[in-house]
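Inspection log for the structure reproduced underneath, given as structure tokens.
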Amino acid sequence: MTFDSNTPVLVGAGQITAREPDDQRTPIGLIAEAARAAAADCGIDGVLRHIQSLTCLNILAPAYPDAPASLAQTLGIGPGECFYTPVGGNMGQWLVGYYADRIAAGQLDCALIGGGEALATQMRGKGAGLSGVIDTKAGEGPRLLGDDREPTNAAEQRHGLNLPVQIYPLFEQALRGQYGRDPVAHRQALGKLYAGFNAVAMNNPKAWRREPLSAADIAERTPENRMVGAPYTKRMNAIIAVDQAAALVMMSAAKARALGIDPRRWVYPLAAADASDRWFVSERAELSRSPAIAACARRLFEATGLAVDDIDYLDLYSCFPSAVQMARNALGIAEDDPRPLTVTGGLAYHGGPGSNYCTHAIAETMARIRAEPDAHALVSGVGWYMSKHSLGLYGSRPPAGGWRRVDAAAVQAEIDAGPGVEVAAQPEGAGRIESYTVMHDRDDRPAQGIVLGRLDDGRRFIANTPADPDLLNAMTDDEFLNRAGHVRSDGQRNLFTPRG
């Protein structure tokens with residue numbers, strides 16, 4: 001086997017899933033435990049003292065003054081540099097690409113990626129205080145890697161588009177329209193899709209939720225499975241209240257060889273690509289597609305000579321079913337493809353520890369590749385609202401043409417040149433529903449209708465509907481795509497009243 005001494009390799013992975021209650025549990029403590037497990041997974045002693053660069057992924061709660069410095073101190077190491085990230089479920093994969101670039105360029109030879117949350121512990125104590133912000137009150141704060149733009153604009157926020165549970169259902173309804181399904185048939189299809197994820201989680205000891213669920217258990221609205229944001233029931237939503245952490249150790253091939261790490265434990269990042277879709281959801285021309293995933297995937301396969309049919313293991317980011325389907329469609333994977341779309345069980349069953357899910361997916365991918373030396377794998381990560389995308393290919397042998405990082409600027413220019421849509425700030429007149437959702441409270445009562453629609457002149461509008469329970473219940477259960485109606489503005493908020 002021949003390779004360049006600066007070829008990047010993943011040599012250690014550690015995962016922690018802590019189900020037993022412990023009031024003293026902290027995110028940094030969990031991440032440190034995962035980091036020690038990743039170091040031990042390298043198969044030799046003393047790996048952590050070789051770490052030159054450490055990145056701690058964003059911790060939703062609490063907001064540490066300097067989380068990466070706290071992690072380094074807990075581990076008893078002094079890496080030359082420590083970084084933190086903004087919120088983003090893509091960041092675990094993004095960091096593998098970032099460090100692979102630097103290792104390949106000879107800038108460093110050993111790095112640690114780690115992240116995690118103790119939200120189950122914090123929510124039991126009613127003290128989560130979710131923020132995701134970087135606490136700089138005690139000083140300048142940690143050095144930041146990654147895109148930290150605000151995810152939504154003022155108009156979206158005024159109409160209740162602030163959180164994933166409010167926005168991903170809009171993608172889902174648009175997908176349903178693309179497929180030509182009625183609401184009942186589509187919810188059944190979502191149950192079938194996520195039953196496949198549940199089956200993987202059942203066989204994953206590290207998954208947070210492992211009880212068997214049928215497609216009907218997932219799709220049907222029951223007291224145990226309330227509606228959240230139509231058409232999503234609770235069992236279709238990512239579980240955020242988990243105590244989980246994962247960490248990865250990356251090295252140059254030369255460093256791994258010098259330390260005596262068994263090459264059979266090496267997993268090679270082959271190529272990576274990162275891009276953002278048009279940033280604000282309301283400005284995207286098509287709500288059911290991700291041009292960024294499609295462009296990244298095309299460039300990845302071109303760079304490696306692989307095709308999607310050559311991929312043995314897939315982990316498509318799964319905060320909600322729409323994210324899975326948009327990635328699957330962009331990659332050209334058929335709906336009836338027999339390959340599981342997750343190696344962990346996905347965020348709804350494995351668990352979604354804030355920004356760190358991808359690190360778990362990569363750790364599981366490493367285990368698959370070590371067990372099957374001819375296998376190839378693809379991991380995708382998503383930040384915010386199908387906004388930030390990071391994709392990576394992995395294998396057990398060094399890439400024939402060397403490590404490849406797709407030219408992010410070229411990919412982004414391609415996406416930015418694509419179509420957008422004009423949004424009417426204060427719409428008035430006839431319009432139709434393009435996509436919609438109804439948010440429900442914890443007692444399964446409809447609370448708010450949210451609509452993205454089109455005026456007769458083609459401009460898009462954002463609006464809420466009247467807070468009429470009969471209307472909101474009808475929107476939850478019946479067909480409202482393309483429903484005509486009237487929209488008006490009071491200067492701040494827009495109101496769309498459907499006909500019929």
Side-chain angles (χ1 to χ4, degrees), residues 130-133 149-174 176-177 183 226-232 277-288 320 322 384-387 419-500:
L130 296 180
S131 65
V133 301
R149 285 179 285 175
E150 286 295 319
T152 54
N153 61 33
E156 292 167 344
Q157 293 164 15
R158 284 196 300 270
H159 293 89
L161 294 176
N162 297 293
L163 299 170
V165 293
Q166 298 158 331
I167 295 176
Y168 278 85
L170 298 175
F171 302 141
E172 192 62 63
Q173 299 283 26
R176 180 172 68 78
R226 66 181 178 86
M227 190 64 65
V228 179
Y232 291 151
D277 273 309
R278 192 171 291 271
W279 193 252
F280 296 123
V281 169
S282 60
E283 297 175 1
R284 296 177 193 167
E286 295 185 69
L287 299 172
S288 62
F320 297 90
S322 55
W384 288 124
Y385 310 123
M386 296 302 288
S387 309
V421 64
E422 182 182 353
V423 180
Q426 296 184 4
E428 195 77 36
R432 61 178 178 82
I433 294 178
E434 188 177 11
S435 189
Y436 64 101
T437 187
V438 177
M439 299 308 302
H440 289 68
D441 64 21
R442 291 187 174 275
D443 294 319
D444 206 5
R445 296 174 300 200
Q448 183 183 43
I450 304 172
V451 166
L452 291 182
R454 294 290 185 119
L455 296 169
D456 288 348
D457 63 10
R459 290 181 299 158
R460 178 175 283 144
F461 64 84
I462 314 168
N464 296 126
T465 64
D468 172 21
D470 290 337
L471 170 62
L472 297 179
N473 281 322
M475 290 179 68
T476 299
D477 297 325
D478 302 332
E479 179 62 88
F480 272 72
L481 286 175
N482 295 312
R483 181 71 66 98
H486 184 273
V487 63
R488 60 181 176 81
S489 174
D490 64 8
Q492 287 293 317
R493 200 165 66 96
N494 305 324
L495 185 74
F496 178 81
T497 304
R499 292 181 194 153

Requested in this report: Dump the intermediate steps for salt bridge (charged side-chain N to carboxylate O under 4.0 Å, His left out) on Arg176 and Glu479, then the final yes or no.
Outcome: CA-CA 10 Å; Arg176 180 172 68 78; Glu479 179 62 88; 2.6 Å; yes

Query raised in the report: Please walk me through it: do Met386 and Arg284 pass side chain to side chain contact (heavy atoms under 4.5 Å, CB included)?
Result: CA-CA 11 Å; Met386 296 302 288; Arg284 296 177 193 167; 3.7 Å; yes

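Once rounded to the nearest 0.5 Å, the distance linking CD of Gln173 with OH of Tyr436 reads 4.5 Å. Taken to the nearest 0.5 Å, the CD1 atom of Ile450 stands 8.0 Å off from the CD1 atom of Ile167. Atom CG of residue Asp470 and atom CE of residue Met475 lie 13.0 Å apart, to the nearest 0.5 angstrom. In this structure, the separation between CZ on Arg432 and CD on Glu434 is 6.0 Å, given to the nearest 0.5 Å. With rounding to the nearest 0.5 angstrom, the OG atom of Ser435 is 9.0 Å from the CD atom of Glu172.
For Arg459, the salt bridge (charged side-chain N to carboxylate O under 4.0 Å, His left out) partners at least two apart in sequence or on another chain are Asp457. The salt bridge (charged side-chain N to carboxylate O under 4.0 Å, His left out) search around Glu286 returns Arg289, not counting sequence neighbours.
At most 12 non-hydrogen atoms from other residues, nucleotides or ligands lie less than 6.0 angstrom from CZ of Arg488.
Aromatic rings of Tyr168 and Tyr232 (six-membered ring for Trp) have centroids beyond the 6.0 Å cut-off, not under it.
For the pair Leu472 and Pro446, the tightest heavy-atom approach, listed with the atom from each and the gap, is CB-CB, 3.5 Å. Annotation for Glu283 and Asn153: closest pair OE2-ND2, 4.1 Å, computed over non-hydrogen atoms. Here the shortest heavy-atom pairing between Ala230 and Pro169 reads O-CB, 3.3 Å. Of all heavy-atom pairs spanning Gly160 and Gln448, the tightest one is CA-OE1, 4.1 Å. Annotation for Leu287 and Phe171: closest pair O-CD2, 3.2 Å, computed over non-hydrogen atoms. Contact record, Phe280 with Thr152: CE2-C, 3.4 Å, taken as the closest heavy-atom pair.
Put simply, the side chain of Asn494 gets close to the backbone of Ile462: a donor and an acceptor are under 3.5 Å apart. No donor-acceptor pair under 3.5 Å is formed between the side chain of Thr465 and the backbone N or O of Thr497. At least one donor-acceptor pair under 3.5 Å links the side chain of Gln166 to the backbone N or O of Leu163. A donor-acceptor pair under 3.5 Å is formed between the side chain of Asp444 and the backbone N or O of Met227. Remark: side-chain polar atoms of His440 are paired, donor with acceptor, to backbone N or O of Val438 under 3.5 angstrom. When atom types are taken as modelled, the side chain of Asp441 and the backbone of Ala447 share no donor-acceptor pair closer than 3.5 angstrom. Using a distance-only test at 3.5 Å, with no hydrogens or angles considered, no donor-acceptor pair links the side chain of Arg493 to the main chain of Ser489. Under the 3.5 Å distance criterion, the side-chain polar atoms of Trp279 are matched with a main-chain donor or acceptor of Glu150. Checked by atom type and distance alone, the side chain of Ser322 never pairs as donor or acceptor with a backbone atom of Phe320 at under 3.5 Å. Within the 3.5 Å criterion, the main-chain N or O of Arg445 finds no donor-acceptor partner in the side chain of Asp443.
Between Phe461 and Leu452 there is no side-chain heavy-atom pair separated by less than 4.5 Å. Asp478 has its side chain out of reach of Pro183: every pair of non-hydrogen atoms, C-beta onward, lies at least 4.5 Å apart. Put simply, the side chain of Val451 does not reach to within 4.5 Å of the side chain of Asn464, judged on heavy atoms. Side-chain contact between Glu428 and Val487 is absent, with no heavy-atom pair separated by less than 4.5 Å. Considering only heavy atoms from C-beta on, Ile433 comes within 4.5 Å of Phe496 through its side chain.
A salt bridge is absent between Glu422 and Arg460; no separation between the charged side-chain nitrogens and carboxylate oxygens falls under 4.0 Å.
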